[in-house]
Amino acid sequence: MIGIIFGPPGSGKGTQAARIEKEFRLKHLSTGEILRAEVASGSPIGKEAGRIMAAGDLVPDELIVDIVRGRLPEAETGAGVLLDGFPRTVRQAQALDAMLADEGHTLDFVIALDVPEAELVERLLHRARVEGRADDTRQAIAERMHEYHKLTEAVLDHYSRQGVPVKRVDGLGSPEEVFGRIRRAIGISSV
Ligand code: ADP
């Protein structure tokens with residue numbers, strides 16, 4: 001099974017991904033987490049990505065596509081893969097389509113979390129106080145929202161046009177409530 005958890009910054013992708021990973025035994029591949037680990041290790045990729053991420057911009061498509069191409073085969077050896085934070089542009093989605101086609105795989109589901117923008121900003125500013133992530137400043141948050149609307153939202157149309165089941169899920173409420181909706185949506189997609 002290969003699925004995508006999709007949504008704007010602050011929509012709860014990481015929180016829900018952890019639950020989906022457990023329940024459906026999928027390997028969680030978060031490009032944001034991978035990049036943050038690269039930044040923390042001071043690797044050449046981390047050095048290139050760090051400044052871009054802190055400003056709230058997207059790292060170049062080629063860089064992130066290479067990372068996913070390197071990690072996907074190993075992740076796919078288990079029951080399945082849950083992509084989180086990727087694809088974030090139509091070009092990334094096209095690259096993923098090609099990778100999956102090479103292996104004779106297709107996407108099983110796309111879960112898109114819906115959360116109003118005012119709530120997203122609240123959550124991210126709260127996270128900034130609790131976790132201190134470098135890109136949770138007011139300015140970087142505004143830039144991430146801008147990039148989401150400009151480049152990332154179009155990924156949903158890309159999949160809808162291809163007939164991939166895109167399930168919109170209300171992301172408001174407790175993590176358990178949201179997960180209940182996701183579980184039902186994946187259940188419907190995978191039968
Ligand atoms: P959020 O969804 O809260 O913005 P992520 O952890 O998914 O958090 O991503 C953090 C940052 O990492 C993004 O703002 C971007 O700079 C970079 N990033 C992650 N995934 C991608 C991707 N697929 N393409 C380009 N940049 C990415």
Side-chain angles (χ1 to χ4, degrees), residues 2-22 25-100 102-103 110-111 113 115 120-155 175:
I2 302 178
I4 296 176
I5 180 88
F6 190 92
S11 56
K13 295 186 297 286
T15 305
Q16 295 302 327
R19 288 173 162 77
I20 298 168
E21 178 177 35
K22 243 172 110 183
R25 302 217 186 85
L26 303 180
K27 171 91 181 125
H28 176 202
L29 215 61
S30 157
T31 47
E33 274 175 23
I34 293 169
L35 289 171
R36 279 188 289 280
E38 294 283 348
V39 173
S41 77
S43 70
I45 289 179
K47 291 211 170 83
E48 182 181 348
R51 263 173 297 123
I52 301 173
M53 291 167 73
D57 293 321
L58 295 184
V59 306
D61 286 333
E62 303 72 45
L63 187 146
I64 203 77
V65 166
D66 282 349
I67 288 178
V68 173
R69 189 177 286 118
R71 307 237 177 172
L72 197 57
E74 194 206 317
E76 276 181 316
T77 55
V81 182
L82 178 68
L83 293 167
D84 162 7
F86 180 90
R88 245 179 167 95
T89 64
V90 171
R91 279 185 60 203
Q92 291 179 19
Q94 288 164 343
L96 176 65
D97 294 344
M99 282 181 232
L100 295 179
D102 278 350
E103 294 158 11
V110 179
I111 299 289
L113 292 172
V115 177
L120 295 172
V121 175
E122 267 310 304
R123 288 183 185 182
L124 291 170
L125 288 174
H126 174 75
R127 188 169 74 185
R129 291 192 290 273
V130 178
E131 292 177 21
R133 230 174 80 170
D135 57 352
D136 283 343
T137 62
R138 240 179 222 287
Q139 199 180 352
I141 290 169
E143 181 59 21
R144 282 152 68 202
M145 293 300 168
H146 177 73
E147 296 279 273
Y148 177 79
H149 293 303
K150 193 173 76 175
L151 294 168
T152 306
E153 241 168 11
V155 170

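The residues of the chain are indexed from 1 along the displayed sequence.
For E74, the CD atom sits in a loose shell: 12 or fewer heavy atoms of surrounding residues, nucleotides or ligands are nearer than 6.0 Å. Heavy-atom contacts from other residues, nucleotides or ligands closer than 6.0 Å to CZ of R133 number more than 12. Summarising the local packing, NE2 of H149 is surrounded by more than 12 heavy atoms from other residues, nucleotides or ligands at distances under 6.0 Å.
In this structure a side-chain-to-backbone donor-acceptor pair under 3.5 Å is missing from K13 to F6. In this structure, the side chain of Q16 engages the main chain of P175 through a donor-acceptor pair within 3.5 Å. Panel note: side chain Q92, backbone R88; a donor-acceptor pair is recorded below 3.5 Å. Of the possible polar contacts, none joining the K47 side chain to the V39 backbone as a donor-acceptor pair under 3.5 Å is found. Checking side-chain atoms of T31 against main-chain N and O of G85 turns up a donor-acceptor pair under 3.5 Å.
If you take CE on M53 and CD on E48, they are separated by 12.0 Å, rounding to the nearest 0.5 Å. The CG atom of D84 sits 12.0 Å away from the CG atom of L26 when rounded to the nearest 0.5 Å. We find the CZ-OG distance between R36 and S41 to be 13.5 Å, quoted to the nearest 0.5 Å. The structure places CZ of F86 at 16.0 Å from CD1 of I5, a figure rounded to the nearest 0.5 Å.
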- [ ] Could you walk me through whether L72 and L100 pass side-chain contact (heavy atoms from CB on, under 4.5 Å), step by step?
- [x] CA-CA 9 Å; L72 197 57; L100 295 179; 4.1 Å; yes

*Could you please spell out the steps behind the salt bridge (charged side-chain N to carboxylate O under 4.0 Å, His left out) verdict for R91 and E62?*
CA-CA 9 Å; R91 279 185 60 203; E62 303 72 45; 3.0 Å; yes

Item checked: Pair H28-E33, side-chain contact (heavy atoms from CB on, under 4.5 Å): steps then yes or no -> CA-CA 10 Å; H28 176 202; E33 274 175 23; 4.0 Å; yes

Report the C-alpha distance between E76 and I2 in whole Å, list the side-chain angles of each, state the deciding distance to 0.1 Å, and finish with yes or no for side-chain contact (heavy atoms from CB on, under 4.5 Å).
CA-CA 8 Å; E76 276 181 316; I2 302 178; 3.3 Å; yes

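For E122, there are no side-chain hydrogen bond (donor to acceptor under 3.5 Å, both in side chains) partners two or more places apart in sequence or in a different chain.
In this structure, the side chains of P9 and I141 stay at 4.5 Å or more apart for every pair of heavy atoms.
Ionic pairing of K150 and E147 is present here: one or more N-O contacts between side-chain nitrogen and carboxylate oxygen are shorter than 4.0 angstrom.
Screening R129, R123, R144 for a salt bridge (Lys or Arg N to Asp or Glu O under 4.0 Å) with D136, the sole residue that qualifies is R144. Remark: of the listed residues L96, V155, I111, L96 is the sole one forming a side chain to side chain contact (heavy atoms under 4.5 Å, CB included) with I4.
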